[in-house]
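Read through the structure below, which is laid out as structure tokens, and then see the notes.
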Amino acid sequence: MLRADAVSFGYGDSGFLLSDASVAITPGSLTGLLGPNGCGKTTLLKLLCGVLRPRSGRVTLGDRPLAAMTRRELARHIAVVPQETHPAFEYSVTEMVLMGRHPHLGMFQLEGPADFEAAHEALDATGTAHLGARNYMTLSGGEKQRVIIASALAQATGTLLLDEPTASLDLGYQLEVAGLLARLNRDRKVTMVLATHDLNLAASLCDRLVVMREGRVLAQGPTNDVLTGAMVRQLYDVDADVQFHQRAGHLTVVPVGRST
């Protein structure tokens, strides 16, 4: 289990961006992080993957503190999909996916047959095998996002952290990426944590939610228990209708207006 216990974080003397936050990510779960801009979602993701270290509290994977693990060791357990990826050079799609194998290679070691096999399996799983020879930067936004997810899969970790995985994608690509994440979680049992502003995406994908505001965790638990009209009002100062949509098969959120 990936856990954050009473973690706080801030830069210098600027105060805390995250205060006394505790979350528990159950193996095999798909957890959504919700909250307004600046609430600490991305900071919490960076603490959960070891990019940042808390000023107080601790983050553990199983019974081991992340602070006691090397970067390479962490990368063998936790993969990250950022909002955007801008490579410094013109890499092919296959080369981008092979980068996910770096934590498993020794210094100056080149990729071997097993690494190429892992990359090809990840490309197949994300429906991007036909793009292998393409220049990554020539792809559409949705294709790029699937390739970065493929790279994270090739990393062969049990946990995937995603920061706004459908941001800036049109509706078709949003559905495509959401379907991909659902399949990976269901079929490969990949534990996922995704930060998002899209309440309907979270409602359709996530079995658990963590909701945050002003650097604090307000609530966490099963999606159907946490995602309510009252919680939307508390998070965003917005009145919304939150109802189960029979055809969609999950809760839907319809904003009505600013709460008064």
Side-chain angles (χ1 to χ4, degrees), residues 1-9 18-35 39-54 57-69 73-82 125 149 152-153 155-166 177-213 215-228 231 235 242 244 249-251:
M1 179 179 290
L2 181 62
R3 298 180 61 93
D5 294 304
V7 296
S8 297
F9 180 83
L18 197 68
S19 300
D20 197 31
S22 295
V23 297
I25 308 302
T26 306
S29 65
L30 207 168
T31 301
L33 298 183
L34 301 181
C39 73
K41 298 189 300 295
T42 298
T43 299
L44 180 56
L45 279 184
K46 289 180 177 179
L47 289 168
L48 289 173
C49 69
V51 169
L52 298 177
R53 293 191 176 184
R58 69 175 193 160
V59 182
T60 55
L61 181 63
D63 58 358
R64 295 193 63 193
L66 264 57
M69 302 169 70
E73 188 177 5
L74 277 170
R76 291 172 180 168
H77 293 282
I78 301 171
V80 178
V81 176
I149 293 171
L153 283 180
Q155 201 169 320
T157 69
T159 302
L160 186 58
L161 308 184
L162 306 102
D163 194 4
E164 295 286 349
T166 60
V177 171
L180 168 61
L181 296 178
R183 290 195 305 275
L184 295 175
N185 174 254
R186 180 186 66 243
D187 298 341
R188 295 195 172 206
K189 311 302 180 187
V190 179
T191 302
M192 295 186 190
V193 183
L194 65 95
T196 182
H197 287 294
D198 189 334
L199 301 186
N200 286 302
L201 172 71
S204 67
L205 269 182
C206 301
D207 48 64
R208 294 184 62 81
L209 296 178
V210 176
V211 296
M212 305 176 65
R213 180 161 180 168
R216 296 184 179 275
V217 173
L218 299 185
Q220 56 188 303
T223 298
N224 288 349
D225 295 340
V226 174
L227 189 57
T228 65
M231 182 57 71
L235 286 178
V242 181
F244 184 82
H250 56 76
L251 291 175

Side chains of [X] and [Y] in contact at under 4.5 Å (non-hydrogen atoms):
X	Y	result
Arg183	Leu180	yes
Thr159	Leu2	yes
Val242	Thr228	no
Val217	Val211	no
Leu30	Leu194	yes
Asn185	Val190	no
Leu199	Leu34	yes
Arg3	Val59	no

Euclidean distance, [Y] [atom2] relative to [X] [atom1], rounded to 0.5 Å:
X	Y	atom1	atom2	answer
Leu160	Cys49	CG	SG	11.0 Å
Arg216	Cys39	CZ	SG	13.0 Å
Arg53	Leu47	CZ	CG	11.5 Å
His250	Asp207	NE2	CG	14.0 Å
Leu161	Lys46	CG	NZ	12.5 Å
Arg208	Thr26	CZ	OG1	5.5 Å

Using every non-hydrogen atom in the two residues, find where [X] and [Y] come nearest and quote the distance to one decimal.
X	Y	answer
Leu66	Gly50	CD2-N, 3.6 Å
Ala24	Met1	CB-SD, 3.8 Å
Leu251	Phe244	CD2-N, 3.8 Å
Ala195	Pro165	O-CD, 3.7 Å
Ala75	Thr157	O-CG2, 3.3 Å
Met231	Val226	CB-O, 3.4 Å

Short question: side chain of [X], backbone of [Y] - any donor-acceptor pair under 3.5 Å?
X	Y	answer
Ser19	Ser8	no
Thr196	Asp198	yes
Thr223	Cys206	yes
Thr60	Asp63	no
Thr191	Gly28	yes
Gln155	Arg76	no
Glu164	His197	yes
Lys41	Met212	no
Ser204	Asn200	yes

Note to self: Applying side-chain contact (heavy atoms from CB on, under 4.5 Å) to Thr31 and Leu209, what does each step give before you reach the verdict?
What the structure shows: CA-CA 5 Å; Thr31 301; Leu209 296 178; over 6 Å; no
Margin query: The criterion is side-chain hydrogen bond (donor to acceptor under 3.5 Å, both in side chains); which residues satisfy it with Arg213, sequence neighbours excluded?
Written below: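 Arg213 satisfies side-chain hydrogen bond (donor to acceptor under 3.5 Å, both in side chains) with Asp237 only.
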Item checked: Partner set under side-chain hydrogen bond (donor to acceptor under 3.5 Å, both in side chains) for Thr42, not counting sequence neighbours ->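 Checked Thr42 against side-chain hydrogen bond (donor to acceptor under 3.5 Å, both in side chains); matches are Asp163.
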Check: Going through the distances and angles, do Arg64 and His77 end up as a side-chain contact (heavy atoms from CB on, under 4.5 Å)?
Finding: CA-CA 12 Å; Arg64 295 193 63 193; His77 293 282; 5.9 Å; no
Notebook entry, point to check: Does the side-chain contact (heavy atoms from CB on, under 4.5 Å) test come out yes or no for Val177 and Ile149, once each step is laid out?
Noted result: CA-CA 9 Å; Val177 171; Ile149 293 171; 4.1 Å; yes
